[in-house]
Undergrad: 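I'd like to ask you about the structure that follows.
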Amino acid sequence: MYKWIHQFGSPKYFYDISLHLSKWVTIVCIVCFIGGLYGGLVLAPADYQQGDSFRIIYVHVPAAWMSLFIYVILATSGAISLIWHIKITDIIARVSAPIGASFTFLALSTGAIWGKPMWGTYWVWDARLTSELILLFLYLGYIALQSAFDDKRIAARAGAILALIGIINIPIIHYSVEWWSTLHQGPTITKLDKPSIHLTMLIPLILMVIAFKTFYIAIALIKTRSEILKYECNSSWVKKILGN
Amino acid sequence: MSKFSINNLECIRQNNILFKGLNLTMEDGGLVQINGANGSGKSSLLQICAGLIQITTGEVLWNNININQHRYEFQSNILYIGHTNAIKATLTAEENMTIIHSLTGSKSKINYSTILKKIGMSGMNKIFTYNMSAGQKRRLGLTRLFMTKSKLWFLDEPFNALDKEGKKIIENLIINHCAKGGITIFTTHQKMEIDGYPLQSIHLRNNNV
Amino acid sequence: MSLNNFFAMGGYAAYVWSAYGISFIVLFLNIFLAVRNERKTIDELKKRLGSNNK
Amino acid sequence: MSEYINIFNVILKRDLMLAFRDKTDFINSLIFFIIVITLFPLTFGTKSTIVNEIIPGMIWISALLATCLSLETIFRSDFEDGSIEQLTLSRYPLTLLVSAKIFAHWITFGMPLIIISLLMGILLSLSNEIIIALFITLILGTPILSLLGSVMVALTIGLRGGMLLNLLILPLSMPVLIFSTVAIQNAALNQSIIAETYFLAGILVLAITLAPLATAAALRIRLS
């Protein structure tokens with residue numbers, strides 16, 4: 001297994017794979033995106049209670065899911081780069097942090113917009129929105145720490161430690177916010193949760209989640225490739241690529 | 001019979017290569033001087049040897065085992081003195097020395113006055129460090145050499161801020177240590193007059209050895 | 001499903017479309033930054049490469 | 001084994017001596033704590049009932065801010081005079097030395113905070129249950145802040161941004177703040193605060209086991 005990771009870790013090998021991979025990933029992303037949007041906005045019937053405003057779910061839930069998913073990727077790639085000293089995972093972590101932060105911001109803003117028709121106010125101290133807000137602070141802390149170092153390698157390792165501490169704290173934060181919010185408002189029936197929706201509403205949601213995931217992979221691959229070029233600028237294969 | 005060796009060491013600072021493919025093997029009684037212009041990576045090389053800086057290419061071996069495998073066994077055999085002399089300003093000379101002594105982990109009682117006399121600062125036990133001159137602070141930092149029992153010494157510019165007489169004391173100390181079978185690697189940019197002792201020297205120009 | 005009915009979104013048009021608007025902006029921003037960064041890196045390295053072997 | 005306990009005491013004694021000799025940091029953080037507490041009544045006015053309700057929350061937020069300010073002192077002086085290198089390269093595990101330093105920081109900054117906040121509680125005429133709840137949550141909470149904070153200090157020591165440390169610590173200390181203030185509010189309503197205390201104790205045990213390891217790793221990365 002170690003041989004596979006090390007081989008996968010070599011920048012040149014990763015560069016070639018990523019070129020091949022990103023073609024497919026972008027195709028899947030576009031297809032799912034169009035399918036999900038069409039299904040969500042047009043086909044799915046209006047919700048009996050909230051009418052059409054529930055369609056925001058097709059953007060809010062995938063974004064919220066992606067924000068947590070990318071933080072997990074930060075932590076795991078950090079752990080891998082700490083244990084096996086692989087350069088690729090450093091780059092992947094550093095590159096996916098801004099994407100994760102943008103998804104968290106997206107989840108927050110769509111959640112707030114969805115709150116308006118539901119509760120009449122934009123920002124509501126709902127448990128999920130609050131833990132999403134704290135997750136945004138964790139992201140901003142991670143990005144700020146990464147940019148505070150000038151040596152890229154040390155920045156990646158420091159970020160790895162922060163991400164690992166963060167990942168341990170996320171369940172604690174989530175549970176404490178749940179505890180706190182149920183205490184103050186009582187169990188609000190939040191429509192943010194995935195309501196037990198039947199098929200026609202669920203399929204577009206799954207399509208959108210896949211679309212967001214492939215979108216993240218495609219963007220991360222592009223950024224990783226440019227970072228690899230920057231890293232390996234004095235090695236021969238990069239000169240060959242840049243030559244033509 | 002212990003052995004300290006480095007294989008094809010490479011150090012990159014802000015992606016310009018300080019040194020590449022550096023090999024070194026030292027047995028008991030070895031003495032190595034690293035000299036080179038400022039910023040040519042002397043201190044980085046020393047810190048890599050001591051295990052302070054983690055490296056990705058090349059390896060540092062103690063008794064043919066990579067130091068990351070047996071870090072604490074390696075660290076109980078080394079003494080590292082950097083540019084800063086790692087003494088606390090608000091403590092007296094003696095308090096600083098008690099802490100240094102307890103960090104070495106040796107049980108034996110140590111008479112601080114004799115050590116201070118040997119280093120040329122006799123009678124300054126109760127003086128606070130912030131009242132001392134730079135040379136005296138450097139000497140207080142170098143009292144570690146008297147209290148340690150580790151075999152491998154890494155000294156970063158041991159002679160700066162030392163007057164003629166201080167330099168003499170430290171040179172004799174290094175020679176005795178190596179004569180008794182110890183290994184010493186030190187950096188200096190002045191020419192060192194250790195006469196009568198075989199001296200390996202590594203000269204670091206900007207990007208090759 | 002007539003067109004203007006689609007845009008009206010059962011009276012919640014403002015919220016739904018602003019939410020989707022923000023998400024398109026965020027997604028497009030990600031794409032734009034990634035592509036611009038890649039083009040900038042390649043040009044910069046080409047320039048450095050050109051100056052090296054000249 | 002006794003060798004390790006001995007070195008733990010030596011480092012602990014050294015740090016307490018250092019803190020005792022140079023008392024400015026110690027006193028500044030306490031004065032800051034009291035000033036922040038007095039800010040709240042100034043803003044809300046003393047007659048309104050709001051102040052009495054939020055006094056415990058106020059004390060806790062001021063304790064959190066005062067700890068954040070004082071965390072820097074754990075490694076700053078060692079980093080400047082280079083003794084952090086001696087600690088890293090000593091024959092003893094860095095985790096042990098670091099936990100001694102964190103414990104010393106908690107004694108010099110955590111305990112006085114608890115004592116003074118109890119005095120402030122009595123001064124501001126809080127009921128006994130609230131003071132007990134305040135005491136329990138602070139006894140469990142401030143070590144967590146010291147432990148979590150020491151990891152962040154080890155990551156950011158010597159970096160340019162001063163605010164970076166607080167940006168990292170505050171999100172991670174939110175659960176502690178939430179459980180403490182909820183416990184105090186329960187105490188105000190004469191309900192039991194056992195649940196929150198268990199939770200805080202759980203987080204404390206997690207922090208005690210993991211934080212020194214993380215701090216040692218962070219220091220090695222920071223020095224390399």
Side-chain angles (χ1 to χ4, degrees), chain B residues 11 13 43-44 46-56 67-68 70-92 94-107 128-130 137-138 140-141 144 147-150 152-154 156, chain D residues 1-27 73-98 100-101 104 108 154 157-158 213 216-224:
Chain B
C11 177
R13 274 277 176 271
S43 304
S44 314
L46 208 62
Q47 283 175 357
I48 291 173
C49 296
L52 209 54
I53 294 182
Q54 283 128 9
I55 47 171
T56 47
I67 55 171
N68 293 334
H70 54 123
R71 175 171 292 279
Y72 285 107
E73 201 266 336
F74 172 65
Q75 279 185 201
S76 50
N77 285 320
I78 63 168
L79 167 73
Y80 172 81
I81 298 185
H83 278 295
T84 56
N85 27 34
I87 42 172
K88 287 290 169 191
T90 54
L91 294 180
T92 67
E94 206 169 286
E95 279 158 357
N96 269 315
M97 288 167 76
T98 27
I99 292 165
I100 296 168
H101 172 57
S102 51
L103 266 174
T104 62
S106 70
K107 305 284 180 302
F128 280 99
T129 332
Y130 53 78
K137 279 188 189 142
R138 190 60 183 164
L140 186 59
R144 278 185 175 73
M147 288 191 266
T148 178
K149 52 182 175 26
S150 31
L152 193 53
W153 284 5
F154 298 108
D156 200 343
Chain D
M1 191 47 201
S2 70
E3 198 187 339
Y4 290 118
I5 296 170
N6 170 7
I7 192 70
F8 186 90
N9 295 341
V10 163
I11 300 286
L12 189 64
K13 218 156 21 68
R14 180 193 82 139
D15 268 30
L16 291 179
M17 217 196 304
L18 283 172
F20 187 72
R21 284 262 165 82
D22 162 19
K23 285 196 264 298
T24 46
D25 283 335
F26 168 74
I27 292 172
T73 58
I74 298 181
F75 293 122
R76 179 158 37 84
S77 67
D78 281 351
F79 208 82
E80 271 147 17
D81 58 31
S83 39
I84 202 74
E85 282 158 6
Q86 294 306 328
L87 291 178
T88 322
L89 293 179
S90 78
R91 58 198 309 265
Y92 295 103
L94 185 56
T95 323
L96 180 71
L97 306 176
V98 155
K101 288 182 74 64
T108 45
I157 195 75
L213 281 170
L219 274 178
R220 281 195 197 285
I221 287 171
R222 185 76 195 89
L223 289 171
S224 93

Undergrad: Counting heavy-atom pairs closer than 4.5 Å to chain D, which one of B:Thr104, B:Ile48, B:Thr98 comes out on top?
TA: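 Max contact count across the listed options: B:Thr104.
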
Undergrad: Where is the tightest heavy-atom contact between B:Ser102 and D:Ile7, given as atom of each residue plus distance?
TA: O-CD1, 3.6 Å

Undergrad: Which bit of B:Phe154 is near chain D, if near means a heavy-atom gap under 4.5 Å: side chain, backbone, both or neither?
TA: neither

Undergrad: Among D:Leu223, D:Asp22, D:Leu18, which has the most heavy-atom pairs under 4.5 Å with chain B?
TA: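 Looking at each of D:Leu223, D:Asp22, D:Leu18 in turn, D:Leu18 comes out on top.
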
Undergrad: Is there a side chain to side chain contact (heavy atoms under 4.5 Å, CB included) between B:Arg144 and D:Gln86 once you walk through the steps?
TA: CA-CA 11 Å; B:Arg144 278 185 175 73; D:Gln86 294 306 328; 3.4 Å; yes

Undergrad: What distance separates D:Arg91 CZ from B:Leu103 CG, expressed to the nearest 0.5 Å?
TA: 10.0 Å

Undergrad: I need the D:Ser90 OG to B:Tyr72 OH distance, nearest 0.5 Å.
TA: 7.5 Å

Undergrad: Do NZ/NE/NH1/NH2 and the carboxylate oxygens of B:Glu95 and D:Arg21 come within less than 4.0 Å?
TA: yes

Undergrad: Heavy-atom distance under 4.5 Å to chain D: side chain of B:Glu73, backbone, both or neither?
TA: neither

Undergrad: Please classify the contact between D:Leu94 and chain B as side chain, backbone, both or neither, with a heavy-atom cut-off of under 4.5 Å.
TA: both

Undergrad: What heavy-atom pair brings D:Ser83 and B:Ala86 nearest, and what distance separates the two atoms?
TA: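 Looks like CA-CB, 3.7 Å.
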
Undergrad: To the nearest 0.5 Å, what is the distance between OG on B:Ser150 and CG on D:Leu89?
TA: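 Going from the OG atom of B:Ser150 to the CG atom of D:Leu89 covers 11.0 Å.
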
Undergrad: Contact part of D:Asn6 toward chain B, heavy-atom cut-off under 4.5 Å: side chain, backbone, both or neither?
TA: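 Interface part for D:Asn6: neither.
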
Undergrad: Taking the side chain from D:Glu85 and the backbone from B:Gln47, do they hold a donor-acceptor pair closer than 3.5 Å?
TA: no

Undergrad: If every non-hydrogen atom of B:Lys88 is compared with every non-hydrogen atom of D:Asp81, which pair is closest and at what distance?
TA: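 Residues B:Lys88 and D:Asp81, closest heavy atoms: NZ-OD2, 3.1 Å.
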
